[in-house]
Engineer: 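Attaching a single structure in structure tokens format; questions to follow.
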Amino acid sequence: MQSPGDIRILEIRTLRGPNRWTYRPVIEALVDIGELEDYPSNLLPGFPERLGSWLPGLVEHRCSYGERGGFLRRLADGTWPGHILEHVTLELQTLAGLPTGFGKARETSKRGVYKVVVRAWHEDVARAALQEARLLMLAAIEDRSYDVAATVRSLRRMVDRLCLGPSTGCIVDAADDRDIPTIRLNDGNLVQLGYGANQRRIWTAETDRTSAIAESISRDKDLTKQLLAPVGVPVPEGEYVRSAAQARQTAESIGYPVVVKPYDGNHGRGVFTNLVNGDEVEAAYAVALDEGSGVIVERFIQGSEHRLLVVAGKLVAAARGDLAFVTGDGHSSIEQLIDRQLNADPRRGSTEDTPLNPVRLDSASRLELGRQGLTAESVLAIGREVLIQRNGNVAIDCTADVHPSTAALASLAARTIGLDIAGIDLVAEDISRPLAEQRGAIVEVNAGPGLLMHLRPAEGQAQPVGAAIVDHLFPAGESGRIPVVGVTGSRHTTAIALMVANLATQLGHRVASATTAGLTLDGRLVQRGDCANYESGRKTLLNRSIDFAVIENRARAIAEDGLAYDRCLIGVVTSLDPSETLDDLWIETTEGMYGVLRSQVDVVLSEGTAILNGDDEQVAEMASLSDGEVIFYGRDPSATAVAAHLAKGGRAVFPRGHHVILASGNTETVLPSLLTASTDLDVLLPAAAVGWSLAMSPEVLRTSLEAPVLQTPARHSAIARTTSAMSA
Amino acid sequence: MDISRIRALRGPNLWSRFTVIEAVVTSTDADLNSLPPIEFAARMNALCPGIGTPDAMPDNTSAAPHLLGWATLRLQQLAGCPVRFWQAKPTSEPGVCRIVVEYSEESVGRLALDSATLLFDAARDAGSFDASKAIAALNELDEDIRLGPSTGSIVQAAIERGIPYRRLTQGSLVQFGWGIYQRRIQAAEIDSTSAIAESIAQDKELSKTLLDSVGVPVPNGRSVTDFEEAWTVMQSLNAPVVVKPRDGNQGKGVTVDVETREELEAAWAAASDISSDIIVERYLAGDDYRLLIVGRKLIAAARRDPPLVIGDGEHSVAELVEAVNSDPLRGDGHATPLTRIRFDAIALARLAAQGMTAESIPERGCRVILRNNANLSTGGTATDVTDEVHPQVAARAIEAAHMVGLDVCGVDVVCRNIAEPLEDQGGGIVEVNAAPGLRMHLAPSFGKPRPLGEAIIDTLFPDGQNGRIPTVAVTGTNGKTTTVRLITHLLAQSGLTVGMTNTDGVFVGNQQTDSGDCSGPKSARSVLLHPDAQAAVFEVARGGLLREGLGFDRCEVGIITNIGQGDHIGLNFIESAEDVAAIKSVVARNVSTTGVAVLNANDPLCVAMADDCPGAVTFFGDDAHHPVIAAHRAKGQRVVFIDGDAIVAAQGNASWCFALADIPLTRGGHIGFQIANAMAAIAAAWALKMDWTVLRRGLASFVSDAGSAPGRFNVFEWRGATIIADYGHNPDAIQALVDAVAALPAQRRSVVISGAGDRRDEDLRRQTQILGDAFDDVILYQDAAQRGRSDGEVIALLREGLADARRTRRIDEIRGEFIAIDLALERLRPGDLSLILVDQVQDALEHIAGRIAHA
């Protein structure tokens, strides 16, 4: 069937911060469904069924009816393409590995034109998913074929390339759980946790406390051992060798069995374990030498490989290597048994999603087989067990089993090398017994260890390693936040923001302000012109010297980009001018504008304060949206909202004669004789409320409010620049 | 001449505080080939001009080693090593001399000794010696292994602050401080610099974005991957650009001041050779400056000029370069202040760009630039401009370093005038560098050197900290191990994690980190390396001290328990108790100036050490009226002595009393040598400013039994009799045991004893002479290690000692320690006492404990 009309995506914008739809970044698409406006889904023959069969996951979408299958029911009952586009986009993202999130579809004032809003884990992926969703829908409407799997594969590739890796991701998620804000600083895994002066950085499993020197020590296995042995950490004794003959000689002086391995090897390539005689040693030497970094001979430590993750001196996770055996059936070759008994395991595969690698007969295992008189083609008798792989992926959780003395040694090893986060490779027969009694040893200390094995073990429990890292960076009670004051409204916002910045400076803070008057960092105007936007707001939060940020948000900036911060300590809303709308953004009504400005109150922290103009009825209404306290300000304390607030014991600021009154319920503090003929009450009152909410004493507050506000800082002026901003 | 037993003494030693090579030289008169020493020296000078002659020359017999030692020192000096100490000391053996020569690098010292031997042989045999080659080899080896100038400057600053250091590798990885206070550097990198910050600095584009976002002026631009994109960026910037590879270093593939499409093509080609990711950015005009930021301070700034020659209208460019390079200040490596101008393909290309060749003769005054970058390693120069930097420029550089997260950071600034704000002149920060080279600031081509080492050390150790943990070294003939254990216990009582080394192992906190005899320098160093150690107590035995010197440069408290008649006499050129004292006094001589030597006032050889101690001295002794104690106290110094049934610590009019009854170690004050150990420990605790209450509590809770102090006066009860097991094995120890046992009531007394074969005959006899006057029964046994003696020889000597015994009535000779012990136990009746001098300490104690358990 020919579709009755096209679905045209007119424009897509990304709201990178909290916005009128949700707290999280979204893409907002303007979609024109044209003629399809007359064809709800129930009128498109076969469409709901095709969509349901192509995307079986849609059954989990609970929309409309608030239960499983809700969306599909709605689809059958009849819904419009804008709404369907939203769900298909979300489902495609889900299939690509980005869990379902927020979505919304809203009509605009123009018939057939919708705003479709979808959670954007990553802007590019969300945009691509939206475009694909459109194609998929059209195919489903027209009963053409569509390769869902290919789309999902391509989206997955995008996710792998563009999104945070799983190790970084788990740390960011843990930060999120603790309400610590995060900002991705590059296209890779460099992430800022927290804001301004209280920020920390991570790059995969490295933190900004991970010493570069310690990392370089950990890369030098020999030096690592040299440092560990004297402090009592058991290590395999060994030596660097320069020839096959020396390898043999060293092996003999250490005593068999030994290990031969490349000096700087990775991922087990060229590593030969359990060599029992000189010929084996010499043969292994030749292969290890090919890795190009020199060869080490050392005592072979009997047992399984373990990976112990130490964070800030504490053991937080441990995993054991995967020993792989095959059992003979009397007619299959070892190679066949490997495929049948081992590699058929769905946990084995070559991607990051599979916790175990496929088992292959590498040089080490062939050597091992050869020693037993076997080859890959040998047929094993029924019931005969043969060890194929001594050390496969370290993927079996054993955190709870680690003997406390071994945990202490792992911690000591990490601290001796100087790493705050370390992956300790340890070989032992039984991790639940002390190392000394089984002659186990720590064989390597790794900086920036992968966390995947602890997050998605093949067996056993996942460990909360992200939380451990976040707790290390931010001890209990630290949120990584700095005080952020956001100011929005139709009027006075710049003057208020500058006055607040002035107050904070008086309090001794290093203040950043982003306003229409420019971007000022610690008293230095670094950019002139309108900086009341997302970009400039971000800059105040990136700066490691700044411990107080004041950000002015114009309604347009919120509507176009979202807020620059996830939450703030203080949100000020001055007024909502009924004549102001943003028609080009399809925000054409006062309700629409209310929706934009309320974002500022939505993001107030529970320990924070919303400061609202009590004289403006609509603004006053926002009080109920604040998670934190509300302070009203206004010229008229008897205004309904203010009076009711005071009656409930709330706080308000208003003028009386030449004085400014700070009223808390029926208790009043007077800032005497603050008002003069030239005082702009619309600026002074909210600024006083901010100062009060910052717990400034009335004396200090009064003095500070009288201090002159430097509109253009007297210090050296800077050139305005237009370089590209941070990647969000 | 025969040279044997070459040792490197890597810490303070018998001879000096310096690191020295020690060798035993056996010489005969023939060694000088019948020449008078002064003539032999002249021959050496002829072979190796400049080697000189020592100030004083001994007589013929020891002249050969003397000249050898001298040559070893001089060769090092000629190679540029900062050494000056040497000595040649005859031993009691005729013709045998020990020579000792300071070294700054061990392998250079060893090689110098080898070279000196060759020189000596050549002089004797009228052979030949290539002096300049030998010196060059030493020099080369020294340059190869000594710390580079950057790291060296930091280490030097640490030494001046009294901060201990230790190289961890042959490279530039150095550790400062001890235990929990340790810090590390690698070249100009410090351990608090994060790998993340370095990665950010490495990524020029990312660092530029971060800097731009915090208002630091940077050259705009971006990275591109194809040429047309580069062209677009260049057009949009509408200014000359720089083209450079994204991950390059040392200025490879960088082209500056690119203005036309043709120039861009050439620049693109150069950069593409290095990386496929290429940055095109606005070219900042002006000079290159390097600002060095340490912590949050600007420490140094240098202007870096590219290598250039100035025309004289006569000489060609090639000749001008050669003239510049002939300056002796210019060398090939990093050792000289300037490096020679490299006149290679890059230089020729740069000339071609100026329309010149190597043969062109530039006009007088014409500056001919030979390279685009100003790296010192290719012949550029650095001029110190630290005092000229405008405060706002410094502020931007500091902000840049802080934003990236580097503690030690080289900030590259390009501007016309460093004395003006960057913003006023369109200047900017082009790069931040982790682990910056320090050479241009330490030894600028022009202008004042800057104290970077100090700044870096101040960052690592703020507020005058010296990185040291309190250290106590305990030496002496007897009582070391118990004193070490007691002091460790006392420090642990005050809440510290204490590292301890002794003859039973190495312990840190509750963990044993090594076992066996750990009374040497290696074990001491391992404690100082341990990241948990907050204090350290070392047993310092003679062996390690002779073999390698001390394992630390100095200690806060040095204790010499006693020398007595000495032990190990006859071994290793130790001829007398005075020789033993000389060795043990190394501990007293290497107490810090703020520290304390704790010396036994009753032992004249200990008392004599007071003069050599750089710090204060606390004497301990039996009696307040002992002249040494009384005199010391009168001078207002600290003393510890026994007063009736208490130990008293006194200084001036102040005194603190410790009842012996409250110190279980002394068994109510009955065991004299344990009282001495307790006094030494009290003195040490006092020196470490330990709280007196904690000290009392620690003394009261210290238990010395077979478990905590094996082989140290372990007392057992057996069928109503008393058994005492001890490891005492020299006459002083045995006398002390006899005194202690005498205080214990007993009917019949027996003793079980063996002797160590490496002791002198007279020392072995002396042991049983003492015992023979105190014990009724003596059971002699032959132990496992005869140490070079023939079967039965030691027992015979022990029996000789009993010849005139006043008390002994019965003597048994037994083979095997356990059998001897069993015999003694069988004979014990209630009320008897047996002293068992164990040899295989752990096994014997277990054996005794086992017998008692089954009794």
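Here the structure is a predicted model, which is why all the values come from computation and not from measurement. Each chain gets a letter, A, B and so on, in the order its sequence line appears, and its residues count up from 1.
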Engineer: When heavy-atom pairs shorter than 4.5 Å are enumerated against chain B, which of S211(A), S216(A), A214(A), G232(A) gives the highest number?
Structural biologist: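 Max contact count across the listed options: S211(A).
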Engineer: Which one, L521(A), D222(A), D220(A), leads in non-hydrogen pairs under 4.5 Å with chain B?
Structural biologist: L521(A)
Engineer: Near Y165(B) OH, under 6.0 Å, is it more than 12 heavy atoms from other residues, nucleotides or ligands?
Structural biologist: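 For Y165(B), atom OH is not crowded (no more than 12 foreign heavy atoms under 6.0 Å).
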Engineer: Is R183(B) close to chain A through its backbone or its side chain, or both, or neither, when contacts mean heavy atoms under 4.5 Å?
Structural biologist: neither
Engineer: Treating D514(B) as the side-chain partner and V506(B) as the backbone partner, does any N or O pair qualify as donor plus acceptor under 3.5 Å?
Structural biologist: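 Side chain of D514(B) to backbone of V506(B), a donor-acceptor pair under 3.5 Å: no, none is there.
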Engineer: For the candidates T169(B), L529(B), I200(B), I185(B), which exhibits the highest count of non-hydrogen atom pairs separated by less than 4.5 Å from chain A?
Structural biologist: I200(B)
Engineer: Mark yes when over 12 heavy atoms from residues, nucleotides or ligands other than R167(B) sit less than 6.0 Å from its CZ; otherwise mark no.
Structural biologist: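 Atom CZ in R167(B) is crowded, with more than 12 foreign heavy atoms closer than 6.0 Å.
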Engineer: Against chain A, work out which of I190(B), V508(B), L168(B), I196(B) has the most heavy-atom pairs shorter than 4.5 Å and name it.
Structural biologist: I196(B)
Engineer: Salt-bridged, E239(A) to K225(A), with N to O below 4.0 Å?
Structural biologist: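 Answer for the salt bridge query: no.
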Engineer: Which residues satisfy the side-chain hydrogen bond (donor to acceptor under 3.5 Å, both in side chains) test with S536(A), sequence neighbours excluded?
Structural biologist: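 S536(A) satisfies side-chain hydrogen bond (donor to acceptor under 3.5 Å, both in side chains) with N533(A) once adjacent residues are dropped.
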Engineer: Please work out which of the three classes, parallel, tilted or perpendicular, describes the rings of F176(B) and F461(B), given edges at 30° and 60°.
Structural biologist: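 Plane angle over 60°, so perpendicular.
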Engineer: Can you tell me which portion of Q511(B) sits under 4.5 Å from chain A's heavy atoms? Options are side chain, backbone, both or neither.
Structural biologist: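 For Q511(B), there is no contact with chain A at all, as no heavy atom is under 4.5 Å.
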Engineer: Which atoms of L227(A) are under 4.5 Å from chain B, going by heavy atoms: the side chain, the backbone, both sets, or neither?
Structural biologist: side chain
Engineer: If you count heavy-atom pairs under 4.5 Å with chain A, which of Q186(B), E205(B), M403(B), K208(B) comes out on top?
Structural biologist: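 Among the listed options, the one with the most contacts to chain A is M403(B).
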Engineer: Taking the basic N atoms (NZ, or NE/NH1/NH2) and the acidic carboxylate oxygens, is any pair closer than 4.0 Å for R222(B) and E229(B)?
Structural biologist: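 Yes, R222(B) and E229(B) are salt-bridged.
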Engineer: Look at E189(B), E198(B), H402(B) and state which one has the largest set of heavy-atom pairs under 4.5 Å with chain A.
Structural biologist: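 Ranked by heavy-atom pairs under 4.5 Å with chain A, first place is H402(B).
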Engineer: Using non-hydrogen atoms and a 4.5 Å limit, figure out which bit of L419(A) sits close to chain B: side chain, backbone, both or neither.
Structural biologist: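 Neither; nothing under 4.5 Å.
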Engineer: By a 4.5 Å heavy-atom criterion (distance strictly below it), what part of E215(A) contacts chain B: side chain, backbone, both, or neither?
Structural biologist: side chain
Engineer: I'd like to check V445(A) versus L228(A) (side-chain heavy atoms, cut-off strictly below 4.5 Å). Are they in contact?
Structural biologist: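 V445(A) reaches L228(A) side chain to side chain.
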